[in-house]
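Here is the structure we will look at, set down as structure tokens.
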Amino acid sequence: MQVSTQCDYFTKRFGRNDFKELDPRLLNESIKYLMKYIEKTGEKIVYSKGLYQYFISDIMDEDVVCTIGQEDKKLLLFDTFNCWDEGVYMGRVSPEVIAQMRKSN
């Protein structure tokens, strides 16, 4: 017997589907694949929720989900990344922390 977990949203639009938990060791490669697939359609992913468009922060390796974009020059960060200013920990990203960070155009 085989168990299949399907999503009604996708079944109605695309037919049979099967969802399973993603292996944490494949997270980086999986997200890169999804981002590349989305970029092929000419779409952009923008997540700002009222945050400043640009602020300056050092980025730690553990806050990076994967590299994206042409030649992997951009970083996709977790929603809860940490903000650093020249080696000084400012806090987890939030409107209050961003208000303290240096801004850039």
Criterion side chain to side chain contact (heavy atoms under 4.5 Å, CB included) on Val93 and Thr80, from CA distance to verdict: CA-CA 6 Å; Val93 67; Thr80 56; 5.7 Å; no

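- Met60 belongs to a hydrophobic cluster whose remaining members, ordered by chain and number, are Trp84, Tyr89; membership requires side-chain heavy atoms of ILVMFWY residues under 4.5 Å apart, directly or through intermediates.
- Going from atom NZ of Lys74 over to atom SG of Cys66 covers 13.0 Å, rounded to the nearest 0.5 Å.
- Closest approach of Phe55 and Ile98 over heavy atoms only: CE2-CD1, 3.7 Å.
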Throw together a table of side-chain donor-acceptor distances under 3.5 angstrom for residues 22-30, partners on residues two or more places apart or in other chains.
from  : atom 1 : to    : atom 2 : distance (Å)
Asp23 : OD1    : Arg25 : N      : 2.9
Asp23 : OD1    : Arg25 : NE     : 3.1
Asp23 : OD2    : Arg25 : NE     : 3.3
Asp23 : OD2    : Arg25 : NH2    : 2.6
Ser30 : OG     : Leu26 : O      : 2.8

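- Across all non-hydrogen atoms, the minimal contact from Cys83 to Ser57 is CA-OG, 3.3 Å.
- Between the Asp58 side chain and the Gly87 main chain, a donor and an acceptor come within less than 3.5 Å of each other.
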Chi angles and distances behind the side chain to side chain contact (heavy atoms under 4.5 Å, CB included) call for Leu76, Thr67: CA-CA 6 Å; Leu76 178 63; Thr67 56; over 6 Å; no

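- Legend: residues meeting side-chain contact (heavy atoms from CB on, under 4.5 Å) with Arg102, ordered by chain and number and at least two apart, are Ile56, Asp85, Glu86.
- Asp63 places no side-chain N or O within 3.5 Å of a backbone atom of Leu77 that could act as its donor or acceptor partner.
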